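Just below is one structure, and these are the notes that go with it.
Predicted model only: the values in this text are computed from it and were never measured.
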Amino acid sequence: MNDKFLKPYNAKETEASIYKMWEESGFFNPDNCENKRGEVFSILMPPTNANGSLHAGHGLVMTIQDIMIRYKRLRGYKTLWLPGLDHAGFETQVVYEKKLEKEGRSRFEIEPKVLYEEIMKFTLENSQNIKSQVKSIGASCDWSRIKFTLDDDIVKTVYQTFKKLSEDDLLYRGKRIVSWCPKHQTSFSDLEIKDEEKIEPFYYLKYGPFVISTSRPETKFGDKYVVMHPEDKRYEAYKHGDKFELEWINGKITATVIKDSAIDMAFGTGVMTITPWHDPVDFDIAERHKLEKEQIIDERGKLLPVAGEFAGTSISKARPLIIEKLRAKGLVEKVDEAYKHNIKTCYKCGTTIEPQIKSQWFVRMKPLAEKALEKIKSGEIKYIPDQYEKISTHWLNNIIDWNISRQIVWGIPIPAKLCNKCDIGIVDLEDKEIKCSKCGGDLIKDIDTFDTWFSSSQWPYATMGYPDGKDFKDYYPTDVMETSGDIIFFWVSRMIMLGLYVTGNIPFKTVYLHGLVLDAKGKKMSKSKGNVINPLDLTDKYGTDAFRMGLIVGNTPGTSLALSEDKIRAYKNFANKLWNITRFVLTSVGEERLEKDFSNYSDTDNKLIAERELILKDVTSDLESLRLYLAAEKLYHYAWHSFADFILEESKIILQKGSIEEVKSRKQFLLHTLSKILISLHPFIPFVTEEIWKDMPIDDKKMLIIEDWPV
RNA sequence: GCGCCCUUAGCUCAGUUGGUAGAGCAACCCAUUUACACUGGGAAGGUCAGGAGUUCAAGUCUCUUAGGGCGCACCA
């Protein structure tokens with residue numbers, strides 16, 4: 001027996017060299033593995049923010065996927081786990097802007113091209129960091145195939161899709177109302193917006209013969225349409241299109257009566273004025289009746305000249321002043337001081353979103369969503385846990401067009417030209433169009449970039465070299481899409497839609513969604529609360545295997561997990577337990593080597609074998625159904641409480657007092673069982689099992705990572 | 001407002017098709033030159049949130065009440 005077993009298991013000394021051994025073996029790359037079953041299994045690693053560092057959530061992602069991959073590899077599948085890095089457009093740009101702020105610079109003063117180069121350099125430097133962190137978790141992904149969302153071939157695919165969408169009339173450039181962040185100076189899609197409950201005053205204002213209500217008096221300067229429900233008896237006397245004069249904030253204006261059934265008769269007075277430029281509901285009403293739209297607030301959140309004396313004032317400063325003026329004119333009917341309502345905020349900085357009308361590129365989602373819904377309904381795409389199927393279906397059924405333009409430099413440039421006269425946009429992948437075909441105006445290059453999710457939604461086929469790539473033919477569709485439940489719309493649903501649209505085939509068969517990793521008290525980790533657990537601290541202290549087990553056991557998909565250090569410590573003990581089990585077994589068997597075809601077992605051992613096989617079968621079925629949490633626990637229990645506590649104790653007597661046949665039988669049983677325990681535990685705790693495997697007295701053995709699954 | 005999920009031992013959570021309630025941690029008693037103290041043995045701990053129903057049988061299915069969480073939509 002190797003002397004190393006005389007000391008407790010030392011994860012720290014072992015892990016780096018084991019990972020290096022795997023990497024050098026080439027077995028992470030399916031091209032180097034024998035295809036024993038003639039079946040493939042593939043997973044895409046959700047592209048990690050190249051600029052970020054590993055957090056507990058990544059730890060979970062990497063562990064779950066690595067377990068799936070290692071298990072299938074052991075079962076003889078040709079397994080591809082394709083790693084990726086994400087330029088994470090807006091996220092990274094925000095991080096970089098903070099850095100600029102600290103240096104006393106601003107992105108608005110830097111030439112876009114220069115800024116892009118700077119962020120690229122910054123990101124590529126940091127990407128080395130995240131890669132080595134992913135490795136430290138034990139991820140057995142194929143690094144030779146790593147893809148970055150800004151790689152030329154990915155960009156090329158994204159451009160082809162953009163063009164195809166345009167040709168199929170699923171893309172349009174439209175002057176539409178979008179969610180605009182006055183701080184970040186970019187528009188968003190509906191998903192980047194967070195609702196926040198706020199208590200604010202609610203004003204009832206006299207508007208000619210009507211009383212209207214608003215929480216946003218600063219938008220009211222241009223309001224010249226007063227809207228009511230066509231069936232509202234109270235306002236029967238007023239006809240659609242009636243005009244009247246009234247005294248308003250800055251003097252006399254002419255208003256027009258509009259009848260529209262979007263009005264809720266029960267709310268307030270049942271009458272409202274509209275600000276189509278700054279409110280989506282108002283925008284829709286204006287579109288329906290072809291009403292004029294006027295911008296009141298600029299991109300920085302300041303009032304425009306239409307506000308007269310208030311021009312140039314910010315919203316927060318102007319609001320009380322406007323009310324003061326209205327009050328002086330006797331136009332304030334009443335004020336509800338504590339009005340509770342939801343306002344839309346930027347998910348990143350919390351700034352109140354200021355809707356603006358902008359020319360942006362939109363994707364028509366309804367036709368894409370319908371195809372996705374079919375595949376979900378037919379069961380071709382399965383969700384784990386299954387409640388996500390309903391959540392996805394609901395979102396897809398109510399989908400709105402997707403704004404894919406972002407006014408930031410860090411991203412894939414939109415390959416299009418805009419007319420400086422008529423503002424139409426044309427897709428121009430070759431960058432050769434000069435004159436507008438419609439009005440003859442000059443074409444200028446669109447300076448916007450794509451929403452990050454527009455490129456990551458194409459990840460499954462873009463990374464595999466669609467349409468001609470060998471990997472695309474071999475590994476698409478992938479088997480499991482494993483990611484966090486909170487990006488189900490951002491990413492998962494859009495991958496399904498674009499995958500189906502571009503390739504005609506689903507991008508993955510099973511969607512496996514894990515929950516959030518919370519702190520030990522079940523609270524969300526956040527830098528401001530100071531409760532962020534760095535996974536690398538834990539792997540350093542308890543070993544990566546212990547960390548992995550702690551994340552997996554008892555963690556059901558979709559449910560958030562309270563990460564307790566106690567639990568991880570318990571699995572550190574488990575790694576050591578296996579170590580000592582090995583020490584005992586190796587000492588007990590002496591010179592005995594594992595005989596592959598041994599069958600002359602004693603009755604006692606045959607009974608134990610039957611038990612063991614039952615458990616291994618059970619574990620295999622759990623793994624096939626992706627019940628990782630159960631498989632891990634069952635193996636843990638068998639190794640510790642059956643094999644160590646009972647079988648090893650019993651062996652002490654048999655090896656001492658048994659007949660020659662009984663001793664031989666027991667020695668073989670111990671070796672076979674230990675080897676099966678090591679193989680089946682390998683997906684969960686790869687490092688310690690591989691390290692032990694080196695010393696197993698087995699002839700012609702392979703590396704554990706490519707051994708044969710014991711069932 | 002609409003929809004979904006959760007409520008099981010002190011804590012964190014399992015419990016796949018209905019068939020005598022489980023794990024880890026914590027706490028309690030005992031053992032101590034043992035393969036392993038990163039240990040072993042033992043005992044304790046639950047009217048499965050409350051109520052009603054279906055069933056020979058319900059933690060599991062149905063309805064309902066309460067509390068917690070999440071998603072979506074929001075009325076100016």
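For the contact set between residues 570-577 of chain A and RNA chain B, defined by any heavy atom under 4.0 Å, the members are Ala570(A), Lys572(A), Asn573(A), Asn576(A), Lys577(A). Residues of residues 205-217 of chain A that place a heavy atom closer than 4.0 Å to RNA chain B, in numerical order, are Ser213(A), Thr214(A), Ser215(A).
In this entry G40(B) has C30(B) as its Watson-Crick or G-U wobble partner, both defining distances falling under 3.5 Å. Within the shown strands, C56(B) is the pairing partner of G19(B) under the Watson-Crick or G-U definition, both distances less than 3.5 Å. For C25(B), the paired nucleotide is G10(B), the pair qualifying as Watson-Crick or G-U wobble because both relevant distances are below 3.5 Å. Across the strands present, C2(B) finds its partner in G71(B); the criterion is a Watson-Crick or G-U wobble pair with both atom distances under 3.5 angstrom.
Among the heavy atoms of the strands lying under 4.0 Å from Asp264(A) is at least one base atom, whether or not backbone atoms are also near. Across all strands shown, Asp645(A) has heavy atoms under 4.0 Å from sugar-phosphate atoms exclusively, and none from any base.
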I'd like a table of atom pairs between the protein and nucleotides 12-15 of chain B - only N or O on both sides, under 3.5 Å - with the distance next to each one.
| residue | atom | partner | partner atom | Å |
| --- | --- | --- | --- | --- |
| C13(B) | O2' | Gly554(A) | O | 2.9 |
| A14(B) | OP1 | Thr556(A) | OG1 | 2.5 |
| G15(B) | OP1 | Tyr629(A) | OH | 3.1 |

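For G24(B), the OP1/OP2 oxygens have a side-chain nitrogen or oxygen of His641(A) closer than 4.0 Å. Between Trp395(A) and the phosphate of A73(B), there is no side-chain N or O to OP1/OP2 separation shorter than 4.0 Å.
Between G71(B), A35(B), U39(B), one nucleotide has an atom nearer to the side chain of Trp640(A) than all others, and that is U39(B). Checking A35(B), C72(B), G24(B) against every side-chain atom of His394(A), the shortest atom distance belongs to C72(B). Out of A76(B), G41(B), G24(B), the shortest distance to the side chain of Phe202(A) is found at A76(B).
Not less than 6.0 angstrom separates the ring centroid of Phe684(A) from the ring centroid of Tyr636(A). For Trp579(A) and Phe5(A), the ring centers sit closer than 6.0 Å to each other.
Of the candidates Ile64(A), Leu538(A), Leu60(A), Leu60(A) is the only one forming a side chain to side chain contact (heavy atoms under 4.5 Å, CB included) with Leu551(A). For the side chain to side chain contact (heavy atoms under 4.5 Å, CB included) with Tyr207(A), the lone residue among Val226(A), Thr269(A), Val271(A) that qualifies is Val226(A).
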Got a list of side-chain donor-acceptor pairs under 3.5 Å for residues 382-390 of chain A, not counting sequence neighbours?
| residue | atom | partner | partner atom | Å |
| --- | --- | --- | --- | --- |
| Tyr383(A) | OH | Ser392(A) | OG | 3.3 |

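For Ser651(A), the side chain to side chain donor-acceptor pair (under 3.5 Å) criterion is met by Arg666(A), not counting sequence neighbours. Partners of Tyr235(A) under the ring pair (Phe, Tyr, Trp, His ring centres under 6.0 Å) rule, at least two apart in sequence or in another chain, are Phe210(A).
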